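Source: prediction; values computed, not measured. Note on naming: letters A, B, ... go to the chains in the order of the sequence lines (proteins, then strands), and numbering restarts at 1 for each one.
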Amino acid sequence: MSIVGLIDCNNFYASCERVFEPNLIGKPIVVLSNNDGCVIARSQEAKQMGIPMGEPFFKVKYLQREGLVVRSCNFPLYGDMSNRVMTCLSHFIPDVEIYSIDEAFLKLKGLEHLDLRAYSLNIRQTVLDWTGIPISIGIARTKTLCKIANKIAKNEPRRGGVEVLLSRGELHYGLATTPIGDVWGIGRRWAHKLKGDGIHYALDLANAPERWVRQKMGVVGLRTALELRGTACLAFEEETPDKKTICVSRSFGEMLESREDLEEAIKTFAMRAAEKLRRGKLVACQICVFIRTNAHRDELKQYRASQTLSLEYPNDDSRLIVQTMLKALRHIYRKGFQYKQAGVFLLELIPKSKATPSLLVPVDEKATPLMQALDHLNKRFGEGSVNVGQCKKTRHWYATRNFSSPRYTTCWQELPKVR
DNA sequence: TCTGGGGTCCTAGGACCC
DNA sequence: TCTGGGGTCCTAGGACCC
């Protein structure tokens, strides 16, 4: 029988902001999405003020008068803090599956003899000491049960941030007190439907007949139900699987009309996507570009379109990718609309090592070293330092970021000052 | 005035093949 | 009455996650 742990950083983005601004501890904080659009993270205090996840910022703006602290999202900082937390975990456990920026599963097989609670409390304290980030740890037989354990660890202060759900009694308690909508894999839609069938808690789904679940919810639902019963259906991922698509998209700070402005944006997205591609040692067979107007503005003319094009051969060359994406943009661009959002996809990704070069197009020997140099320079001097072709200085499409914190840990100019 | 940006997996249905 | 019986591939759409 497997044993899995799940660590989850508490209110991660808000906690990151607090590490470098300790005076924010105890205050309600929200972190906003790109463009300061909506709330994507809340501190405990902000949750208690009743601010929902995903709430548009303009609806909670007034709460600043009541002490709400607001920050624009600062992903360089969060990414770096995440690395620190994950590195810290790997000092304890060799098998760590990084699940998201603020979550990781731990393979605890072979550690059954330990006092897992005491062990976890030690991990928790060490992460806090080394990084300043508070975490919660849930331990159970399956990933789905770990999620439940973790939530209990987080929500019930007397657990000290750690919950172990292994004994019959512990499990029963965990399942019986978890509303069905809080189960991992059960979204809003399913929660609503299941309640109609009298399934209100995780325990009800765990006890439902297998055939009924299979018929009603398909294999995905069945997996969830089995996981709740302690049968592991979701494997521990030893190594991160290769990405299948890469997407870079943004909504703009102000709406764009001119083709030049859109080209500028698409070019920047294409560059970033190509860089992600090379970092993953992948090549793409297809690209896609989409543009759209602001769907929230009924009074304006609406238009949305996308264009997918094949690359001549599987490729990771920024020059070709940018060129092809600009070509796709020209196909779909229509004058006279106010564009609010655009983005690019790289599709049909395959490992570079497995890609077959084109028979017809000669291999560009210089491409790989050139791209390496490009990535190196951009890493050293900051994103966008070196580009393909020209880049205009005036970037109308830059996102609005009115509440930014500095990149404390990833930019020399923005290091925190001690005195 | 102001509403995120990434991803994954599954299913159903159609086209097409032998 | 009864309209084969396999299969593959592709796409669109739905649902979910953080």
Exercise for review: Please examine the side chains of A:Leu32 and A:Phe403, heavy atoms only from C-beta on, and report whether any two atoms are closer than 4.5 Å.
Suggested key: yes
Point to revise | d(CZ, A:Phe345; C1', B:dG7) in whole Å | key: 10 Å
Study note, to complete from the structure: Per atom distances to the A:Thr245 side chain, the nearest of B:dT3, B:dT8, C:dC16 is B:dT8
Revision key, fill the gap. Between A:Tyr13 and A:Lys243, whichever has its closest DNA chain B nucleotide further toward 5' is A:Tyr13
Exercise for review: Rounded off to whole Å, could you give me the CG-to-P distance for the A:Asp8 and C:dC18 pair?
Suggested key: 9 Å
Exercise for review: Using a 4.0 Å heavy-atom cut-off across all strands, classify A:Ile101 as base, sugar-phosphate, or nothing.
Suggested key: nothing
Practice item. Could you state the atom-to-atom distance from CD of A:Gln64 to P of B:dC2 in whole Å? Key: 18 Å
Review point. In terms of side-chain heavy atoms of A:Lys193, which of C:dA15, B:dG4, C:dC18 is nearest?
Key: C:dA15
Check your understanding: Which atom names give the shortest non-hydrogen contact between A:Val162 and A:Arg117, and what distance separates them?
Key -> O-NH1, 3.0 Å
Check your understanding: How are the rings of A:Trp130 and A:His91 set relative to one another: parallel (under 30°), tilted (30 to 60°) or perpendicular (over 60°)?
Key -> perpendicular
**Study point:** Nearest listed nucleotide, side chain of A:Glu103, among B:dG4, B:dG6, C:dC18
**Key:** C:dC18
**Study point:** Trace of the salt bridge (Lys or Arg N to Asp or Glu O under 4.0 Å) decision for A:Lys107 with A:Glu237
**Key:** CA-CA 10 Å; A:Lys107 200 182 204 174; A:Glu237 305 282 349; over 6 Å; no
Check your understanding: Out of B:dT3, B:dG4, C:dC17, which has the shortest distance to the side chain of A:Ile40?
Key -> B:dG4
Check your understanding: In terms of side-chain heavy atoms of A:Trp184, which of C:dC17, B:dG5, B:dT11 is nearest?
Key -> C:dC17
Check your understanding: Can you find a heavy atom in the side chain of A:Cys285 that is under 4.5 Å from one in the side chain of A:Leu311?
Key -> no
Review point. Atom CG of A:Asp36 to atom P of B:dG5: distance rounded to whole Å?
Key: 12 Å
**Study point:** Whole-Å gap separating P (B:dG4) and CZ (A:Phe57)
**Key:** 14 Å
**Study point:** Watson-Crick or G-U wobble mate for C:dC18, both contacts under 3.5 Å
**Key:** B:dG5
**Study point:** Touch class at under 4.0 angstrom, heavy-atom based, for A:Asp102 against every strand present
**Key:** sugar-phosphate
Point to revise | Protein-nucleotide distance (A:Ile98, atom CD1; C:dC18, atom P), rounded to Å | key: 16 Å
Review point. Of the nucleotides B:dT8, C:dC17, C:dA15, which one has an atom closest to the side chain of A:Tyr99?
Key: C:dC17
**Study point:** Sugar-phosphate, base or nothing in reach of A:Val60, heavy atoms under 4.0 Å
**Key:** nothing
Study note, to complete from the structure: Atom CG of A:Leu347 and atom P of C:dT11 are separated, to the nearest Å, by 11 Å
Practice item. Would you mind classifying the nucleic acid contact of A:Ile246 as base, sugar-phosphate or nothing, using non-hydrogen atoms under 4.0 angstrom? Key: sugar-phosphate
**Study point:** Atom pair distance, as rounded to whole Å: NZ in A:Lys61 and C1' in B:dC2
**Key:** 7 Å
**Study point:** Candidate nucleotides B:dG6, B:dG7, C:dC18, ranked by approach to the side chain of A:Arg250 - the nearest
**Key:** B:dG6
Study note, to complete from the structure: Side-chain atoms of A:Arg189 come closest, of B:dT3, B:dG6, C:dC16, to C:dC16
Review point. Which is true for A:Lys59 with a 4.0 Å heavy-atom rule: it touches a base, it touches only sugar-phosphate, or it touches nothing?
Key: nothing
Check your understanding: When all nucleic acid strands are considered with a 4.0 Å heavy-atom cut-off, which category describes A:Glu55: base, sugar-phosphate, or nothing?
Key -> nothing
Check your understanding: For A:Lys244 and B:dC9, is the shortest distance between a side-chain N/O and OP1 or OP2 below 4.0 Å?
Key -> yes
Practice item. Quick one: sort the A:Phe252 and A:Phe269 rings into parallel, tilted or perpendicular, breaks at 30° and 60°. Key: parallel
Exercise for review: Determine: side-chain N/O of A:Ser249 to OP1/OP2 of B:dG6, distance under 4.0 Å, yes or no.
Suggested key: yes
Check your understanding: Between A:Ser251 and B:dG5, does any side-chain N or O lie under 4.0 Å from OP1 or OP2?
Key -> yes
Check your understanding: So, does A:Glu170 use its side chain to make a donor-acceptor pair with the main chain of A:Leu166 at under 3.5 Å?
Key -> yes
**Study point:** Phosphate OP1/OP2 of B:dT3: any A:Gln341 side-chain N/O under 4.0 Å
**Key:** no
Review point. Considering only side-chain heavy atoms of A:Arg223, which listed nucleotide, C:dC18, B:dC9, B:dT8, is closest?
Key: B:dC9
Exercise for review: With DNA chain B as reference, determine whether A:Gly218 or A:Val248 sits nearer its 5' end, using the nearest nucleotide of each.
Suggested key: A:Val248
Exercise for review: Look at the side chain of A:Asn34 and decide which nucleotide, out of B:dG4, C:dC17, B:dG7, has an atom nearest to it.
Suggested key: B:dG4
